[in-house]
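This report concerns only the one structure given below.
If you read the sequence from its start, that first residue is 1, and numbering goes on from there.
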Amino acid sequence: MDIENPTDIMTDSFDIVARQDKADEAIKSLRSDVDEVKARVDKIGRAAVRPAIGNPAGNGTIEPSAEVKGFVDGYLRRGRETEIKSITGATPVDGGYAVPREIDAMIARELKEISPVRQLAQVVQVGSAGYRKLVATGGTASGWVGETAPRPETDTPDFAEIAPPTGELYANPAASQSMLDDAAFDLEGWLASEVAMEFARAEGAAFVNGSGFDQPLGFLSSPTSLAGDAVRPFGSLQYIGSGDANGFDANPEGRLIDLVHTMKAGHRQGASWVMNSATLSAVRKLKTSDGAFLWQPGLVEGQPDRLLGYPVIEAEDMPDVTGGSAPIAFGNFKAGYIIAERSATQILRDPFTNKPFVHFYATKRVGGQVLDSSAIKLLKIEA
């Protein structure tokens, strides 16, 4: 019987111990990594449930930023201009101070909710008073050829320049000094709401009927034509007659269907009807030949009513049903009308003109114009 060499046995023992030490070190390293990951996860979890800074109650209310507090408490409440001159972007321009971004965002949100055309149109933010855009009006720069065939010259596209007329939109809400001295008075919320209401009233009229002189050019102020898209001059809107010089003829459904299908199929995706409440009242009474109403109420709360399957938007600046007017518009306003505006609203505090009230003169540069005249169609009251 062979007996192993004691030296070999000792060497094997040392190898086993060395391998065990390496395994222990690897396990210790893994445990360290696991502990580190667990600590990070715990830190993230604590941060998720921690109340926001400046909100010790943890009730979900976010405290306004230092910029907003300085602007509201310093300038709006007390007229201390020195408190906001150090704020970035709050330098006096055109007789006023640029409001902080948070307040400007509040105004923009309410404005979009109130102004019907703004909800539908394309809105672009610009840094200067002017905005220009090139729109292709004809020609093609593509074609079909064989793999080895020569490439013939293609037509040169025609372009038209869109430069929406702009004007200074203003509002002038007033509050008593006692209201401003009341710390519980939500000044920024009140100001944003008042300015948005006044802006919406003025711009709503301009986007529909604006003359284009120191204000946007409304889509109803654009030239109109009975011609189709292929032959109509660029910038003019197509219309069809109602069939009656005083209102709708005996086949209103047919006229409205014709109006829908004068528009290209691509533009009909996202199109809406626009009319005022008096016109909508008349349209709601229209019936098909079999006695069914053309108008369909919204099936879900908050969803617009529909006419021939397309949503109906009420814009009180649209004209009533009278001879020669265009009381109904059907269009994809996202493609058809553009609103260009400077993003910053300016505020000038005026405590002197109407004592004891303090006026806040708010201004903003806004422009608008028809962008793609094939995307908006009109129904005109005529025989």
Is the backbone of [Y] close enough, under 3.5 Å, to the side chain of [X] for a donor and an acceptor to pair up by distance?
{"X": "Glu198", "Y": "Pro173", "result": "no"}
{"X": "Ser193", "Y": "Trp190", "result": "no"}
{"X": "Asn276", "Y": "Met318", "result": "yes"}
{"X": "Arg284", "Y": "Trp295", "result": "no"}

Ring-ring centroid check Phe330 Trp273, cutoff 6.0 Å: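 Yes - the distance between ring centres of Phe330 and Trp273 falls below the 6.0 Å cut-off.
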Aromatic ring proximity, centroids under 6.0 angstrom, Tyr337 and Phe333: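 Between Phe333 and Tyr337, the centre distance exceeds or equals 6.0 Å.
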Counting only heavy atoms not in [X] (residues, nucleotides, ligands), do more than 12 fall under 6.0 Å from its [atom1]?
{"X": "Tyr170", "atom1": "OH", "result": "no"}
{"X": "Phe357", "atom1": "CZ", "result": "no"}
{"X": "Asn354", "atom1": "CG", "result": "yes"}

SB check [X] [Y] (cutoff 4.0 Å):
{"X": "Arg77", "Y": "Asp181", "answer": "no"}
{"X": "Lys377", "Y": "Asp229", "answer": "yes"}
{"X": "Lys364", "Y": "Glu341", "answer": "yes"}

Validation row: Tyr131, Val124 side chains within 4.5 angstrom (heavy atoms):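 They are in side-chain contact.
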Taking every non-hydrogen atom, the tightest pair across Asn209 and Ser221: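 That would be O-OG, 3.2 Å.
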Non-hydrogen atoms of Val312 and Leu280 that approach each other most closely: CG1-CD1, 3.8 Å
Side-chain donor-acceptor contact under 3.5 Å, Ser242 with Glu382: no
Short side-chain donor-acceptor distance under 3.5 Å, Arg365 and Thr166: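 Looking only at side-chain atoms, Arg365 and Thr166 do form a donor-acceptor pair, the distance falling under 3.5 Å.
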Residue that, paired with Ser115, satisfies side chain to side chain donor-acceptor pair (under 3.5 Å) out of Glu110, Arg201, Glu203: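 Only one of Glu110, Arg201, Glu203 forms a side chain to side chain donor-acceptor pair (under 3.5 Å) with Ser115, namely Glu203.
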